[in-house]
Trainee: 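Mind having a look at this structure? Questions to follow.
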Amino acid sequence: MGGVDKERVKRVVFEMSKNSAHFKNEQRKQAKVEERIGRLKVQAQKLTPQELAAQLRLMDQRIADLEASRDLSRTWLHVDMDAFFASVEERDRPELKSQPMAVGGKSMISTANYEARKYGVRSAMPGFIALRLCPNLVFVKTDFNKYKQASEETRAIFKCFDPDFDAGSLDEAYLDVTEYSNKSGLSGAQVAAILRDRVREVTQLTCSVGVAPNRFLAKVASDMNKPNGQYVVESERHAVKTFVDALPIRKVPGIGKVTEQTLHAFSIHTCHDLMENRALISALFSPSSCSFFLDTALGLGSNKHWEVPGPGEAGRKGISCERTFKALSTQADLEHKARELAAHLAADMAKEGLKGKTVTLKLKTTAFEVRTRATTLPCFVSSANEILKPVLKALAAEMPIEVRLMGIRVSSFYEERVTRGQCAITTFVKPGKQCLSQRDASQATPEKQEEFEDGCQGDAKDQTVGQADSNPSVQTFKRARLGGEVGSVNPVECARDSIPCQQVAHAGSHDGSGAVLIDADLTHSGCQGQKDRGGCALGTPQNRPWSPAAGAVQECSLQSSLPVSFSSCTQTKCSRCGAWVSAAEQQEHEDYHLALDLQAETPVAVRPTAPQRLAPGGRWSKKRKSGGRCSKSRRSSESISTTLDAFLQKR
DNA sequence: GCGGATCAG
DNA sequence: ATGGCTGATCCGC
Ligand SMILES: Nc1ccn([C@H]2C[C@H](O)[C@@H](COP(=O)(O)OP(=O)(O)OP(=O)(O)O)O2)c(=O)n1
Ligand SMILES: [Mg+2]
């Protein structure tokens, strides 16, 4: 952004920061980074010309291979909404357009409108500093649901250009418009212009678009003419090289503050420099980092859509919940926070039917030091109490401590091991109201309705849904089998768009989105996504059924449909943890408690309260021995590669 | 598997 | 005085 008085911004931020605990922590981290960079430089110094020459030959060979596989045949768009949260707020309150405004609060800002950015106000800047930079700054509270809805409006448009588009965060998406472009005879630039017009007309929001032969380039390009602009990288080798050569490394997704600093220390500022210094890079960095830098310097990137998680797959690696609060130090206070977090997390997990084996406690001290303590349990857990147990133990081991943030993360999820072509896994649908709303009930055929309620309540007369007995020890479920072959793709012809239905459950669903839909007459199930891959897998190892608390019942329509068939199933409530367990799982569940008990009896290892080893050492270093062979087993390292691989996949 | 760290949005 | 939250990944151990 032009017109920003950068010196003033730096000065103000520094003046407000210099005495804060946060700033001191930043300095501590910075010192470590510099230390690592220092070690790298020493290593670089020791390289002989012969070694460098050898590295150069290796790199050049790889470059030749990569060039040979360069694919310029596809046209990608990366769409990124402008000042997204702020723009949505402006749409609702147009008077905000002319004033500097930030979404967030005094402690933290999510984003700011372009008026506020003129003053240097940015995402992830604390509000009180922003206020000093821009005394007239207006704060608007964040309303995540509002942005989510706005996001859906944009995505409905993206779908017209690429039905399989990949949505990353709320405000961006990758579209492969090759087909659209071919069919319409329009160039990438024309498609981008049409899309931007459409988005603006329909949503009253503006976006910026990058057009390029791969995702990486499209992503970078979308940032070139922000806001409300577009930029094309032509699908031609020379154009691509020209574009990346001039690119400052910091613009490359995956190269952040630290990596930038590190490369700057070697006078590498642009992607052209990256190429010029390829021998040095090869000698200093891990194979995966080198590979990433090489791709970057060549302007190579993925040109495939993300893989859709199969049915029964979690669709994510972890789920977490963390909160910042006023400094706390008593165990009772901290345990209270832990309980709240565990409850919150358990509710979130229930929405997707997740169960995890690893529970991680995260603490941030008042000095902003972060500690994480992970526990891997003998069984998969999902309830608040199960999550809480290992957390409390880990917490106790950290006492005494003064904390400003606590978080809990659950990972290592249970995933249905579904083999391709296997029959659909059965699922549970709780009886009664959640399957049919009042309105939809009128649309259900009487027979089906009867059959359904029969199956639901059947012999379990003692429990009427949602009333009377609020704490039954036995419940009978409708067991619904939701059609199809798991792993197969449902033919498009079976699409039954616009059938009113309800979202009844989460977990591995037909399209991997997590949402399972059943229509009003209870004859068809399906998903909203574009990639219905057949049967849906619901349930967890303990087959915890869907419950009203878990996952909102939403109005939606089926993209595709599959037959539903019913049977009934009875579960009993575990007296120890409250989980619902079917007869078949009884033994497994008891074993699980046994294992937990045994673990609880194991004495807690005496752990020093002082922070663990603060010098990780070794990072950024590359123990060179193998002459540059890039085998998976090589253990050379440096933290650059951390993020790199992630983005190799994504972009 | 654990802990520290980087990155994105 | 006041510095968020969620998710992913990597490496050395
Ligand atoms: N540290 C951050 C960065 C972003 N966001 C949120 C607010 C943004 O509105 C949204 C999208 O992020 P972008 O990086 O795309 O930023 P904007 O869309 O706000 O601005 P731009 O016009 O630069 O894209 O994500 C956030 O909460 N915290
Ligand atoms: Mg944006």
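Protein chains get the first letters and strands the later ones, always in sequence-line order, with residue 1 at the start of each.
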Trainee: More 5' along DNA chain B: A/Lys357 or A/Thr372, using each one's nearest nucleotide?
Mentor: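 Closer to the 5' end of DNA chain B: A/Lys357.
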Trainee: If you assign each of A/Lys362 and A/Phe368 to its closest nucleotide in DNA chain C, which residue comes earlier from the 5' end?
Mentor: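 Nearest nucleotide further toward 5': that of A/Phe368.
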Trainee: Heavy atoms only, 4.0 Å cut-off, all strands: where does A/Ile319 land among base, sugar-phosphate and nothing?
Mentor: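 It contacts sugar-phosphate atoms only.
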Trainee: Which nucleotide wins on minimum distance to the side chain of A/Ala124, given the candidates C/dG4, B/dC2, B/dG9?
Mentor: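 The listed nucleotide nearest to A/Ala124's side chain is C/dG4.
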Trainee: Can you tell me how far C1' of C/dT2 sits from NZ of A/Lys18, to the nearest Å?
Mentor: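 In whole Å, C/dT2 C1' and A/Lys18 NZ are 17 Å from each other.
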Trainee: Need one value for A/Ser17: base, sugar-phosphate or nothing, where a base atom within 4.0 Å counts as base even if backbone is also close, heavy atoms only.
Mentor: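 Base contact - A/Ser17 has a heavy atom under 4.0 Å of at least one base atom.
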Trainee: Ignoring hydrogens and geometry beyond distance, is a side-chain donor-acceptor pair present between A/Ser87 and A/Asp82 at under 3.5 Å?
Mentor: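 Absent: no donor and acceptor within the cut-off.
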Trainee: Does any N or O in the side chain of A/Lys226 come within less than 3.5 Å of the main-chain N or O of A/Asp80, such that one atom is a donor and the other an acceptor?
Mentor: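 Between the backbone of A/Asp80 and the side chain of A/Lys226 there is a qualifying donor-acceptor contact (under 3.5 Å).
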Trainee: Across the strands shown, which category fits A/Lys317 at heavy-atom distances under 4.0 angstrom: base, sugar-phosphate, nothing?
Mentor: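 Answer is sugar-phosphate: A/Lys317 comes under 4.0 Å of backbone atoms only.
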Trainee: Find the distance A/Ile37:CD1 to B/dT6:P and express it as a whole number of Å.
Mentor: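 Rounded to the whole Å, the gap is 11 Å.
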Trainee: What integer distance in Å separates A/Leu170:CG from C/dG7:C1'?
Mentor: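 Atom-to-atom, A/Leu170 to C/dG7, this comes out as 13 Å.
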Trainee: Round to the nearest Å and state the distance from A/Glu260 atom CD to B/dA5 atom P.
Mentor: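 For the pair A/Glu260 CD and B/dA5 P, the rounded distance is 20 Å.
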Trainee: Figure out the NZ/C1' separation between A/Lys393 and B/dC2, and round it to whole Å.
Mentor: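 Distance, rounded to whole Å: 16 Å.
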Trainee: Just to be sure I understand the rule, does A/Ala21 reach a base, reach only the sugar-phosphate, or reach nothing, if contact means heavy atoms closer than 4.0 Å?
Mentor: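 No contact.
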Trainee: Can you tell me how far P of C/dT2 sits from CE of A/Met16, to the nearest Å?
Mentor: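 These atoms are roughly 10 Å apart.
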Trainee: Whether A/Glu26 and A/Lys29 form a salt bridge (side-chain N of Lys/Arg under 4.0 Å from carboxylate O of Asp/Glu) is what I want to check.
Mentor: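 Salt bridge: yes.
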Trainee: When you measure from the side-chain N and O atoms of A/Arg373 to the phosphate of B/dG1, is any distance below 4.0 Å, counting only OP1 and OP2?
Mentor: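 Indeed not, no polar side-chain atom of A/Arg373 lies that close.
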Trainee: Check this for me: A/His264, atom NE2, are more than 12 non-hydrogen atoms of other residues, nucleotides or ligands nearer than 6.0 Å?
Mentor: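 Atom NE2 in A/His264 is crowded, with more than 12 foreign heavy atoms closer than 6.0 Å.
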Trainee: If I take atom CZ in residue A/Phe128 and atom P in nucleotide C/dT2, what distance separates them, rounded to the nearest angstrom?
Mentor: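 One finds 7 Å between P of C/dT2 and CZ of A/Phe128, rounded.
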Trainee: At under 4.0 Å between heavy atoms, what does A/Lys257 touch on the DNA or RNA strands: base, sugar-phosphate, or nothing?
Mentor: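 Sugar-phosphate, no base atom in range.
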Trainee: Answer yes or no: does a side-chain N or O of A/Thr376 lie under 4.0 Å from OP1 or OP2 of B/dG1?
Mentor: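 No, because none of the side-chain N or O atoms of A/Thr376 sits under 4.0 Å from OP1 or OP2 of B/dG1.
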Trainee: Phosphate oxygens OP1/OP2 of C/dC5: is one of them under 4.0 Å from a side-chain N or O of A/Thr324?
Mentor: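 A/Thr324 to C/dC5 OP1/OP2: side-chain N or O found under 4.0 Å.
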Trainee: Please pick, from C/dG4, B/dG9, C/dG7, the nucleotide with the shortest atom-to-atom distance to any side-chain atom of A/Ser169.
Mentor: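 Comparing C/dG4, B/dG9, C/dG7 against the side chain of A/Ser169, the answer is B/dG9.
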Trainee: Does A/Thr259 have a side-chain nitrogen or oxygen under 4.0 Å from the phosphate oxygens OP1 or OP2 of B/dC7?
Mentor: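 Answer yes for this pair, as a side-chain N or O of A/Thr259 is under 4.0 Å from OP1 or OP2.
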Trainee: Would you indicate what A/Asp171 reaches in the nucleic acid, counting non-hydrogen atoms under 4.0 angstrom: base, sugar-phosphate, or nothing?
Mentor: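 Sugar-phosphate contact only - A/Asp171 comes under 4.0 Å of backbone atoms but never of a base.
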Trainee: Only counting residues at least two apart or in another chain, list the ones meeting side chain to side chain contact (heavy atoms under 4.5 Å, CB included) with A/Ser411.
Mentor: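 A/Ser411: side chain to side chain contact (heavy atoms under 4.5 Å, CB included) contacts with A/Thr358, A/Arg409.
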Trainee: What does A/Met125 touch in the nucleic acid at a heavy-atom separation under 4.0 angstrom: a base, only the sugar-phosphate, or nothing?
Mentor: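 Answer is nothing: A/Met125 stays at 4.0 Å or more from every strand.
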Trainee: Select base, sugar-phosphate, or nothing to describe what A/Leu405 touches, counting heavy atoms under 4.0 Å on all strands.
Mentor: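 Sugar-phosphate contact only - A/Leu405 comes under 4.0 Å of backbone atoms but never of a base.
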Trainee: Could you tell me whether A/Ser123 contacts a base, only the sugar-phosphate backbone, or nothing, with contacts defined as non-hydrogen atoms closer than 4.0 Å?
Mentor: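 Since no nucleic acid heavy atom lies under 4.0 Å of A/Ser123, the category is nothing.
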Trainee: Are A/Glu35 and A/Arg39 ion-paired here, with the side-chain N under 4.0 Å from a carboxylate O?
Mentor: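 Counted as a salt bridge, because a side-chain N and a carboxylate O are separated by less than 4.0 Å.
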Trainee: May I ask you to verify if any side-chain N or O of A/Arg409 is less than 4.0 angstrom from the OP1 or OP2 atom of C/dC5?
Mentor: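 Looking at the OP1 and OP2 atoms of C/dC5, neither is under 4.0 Å from any side-chain N or O of A/Arg409.
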Trainee: Reckon A/Glu172 touches a base, only the sugar-phosphate, or nothing at all at heavy-atom distances under 4.0 Å?
Mentor: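 Touches sugar-phosphate only.
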Trainee: Within the pair A/Arg323 and C/dT6, is there a side-chain N or O less than 4.0 Å away from OP1 or OP2?
Mentor: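 Yes.
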Trainee: Using atom CZ of A/Phe285 as one end and atom C1' of B/dT6 as the other, report the distance to the nearest whole Å.
Mentor: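 A/Phe285 atom CZ is separated from B/dT6 atom C1' by 14 Å.
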Trainee: Identify, with sequence neighbours excluded, every residue that meets ring pair (Phe, Tyr, Trp, His ring centres under 6.0 Å) alongside A/Phe84.
Mentor: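 Ring pair (Phe, Tyr, Trp, His ring centres under 6.0 Å) list for A/Phe84, sorted by chain: empty.
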Trainee: If each of A/Gly318 and A/Lys364 is mapped to the nucleotide of DNA chain C with the nearest heavy atom, which maps nearer the 5' terminus, i.e. the 5' end?
Mentor: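 So the residue in question is A/Lys364.
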Trainee: State which of B/dG3, B/dT6, C/dG7 makes the closest approach to the side chain of A/Arg316.
Mentor: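 Of all the options, the side chain of A/Arg316 is nearest to C/dG7.
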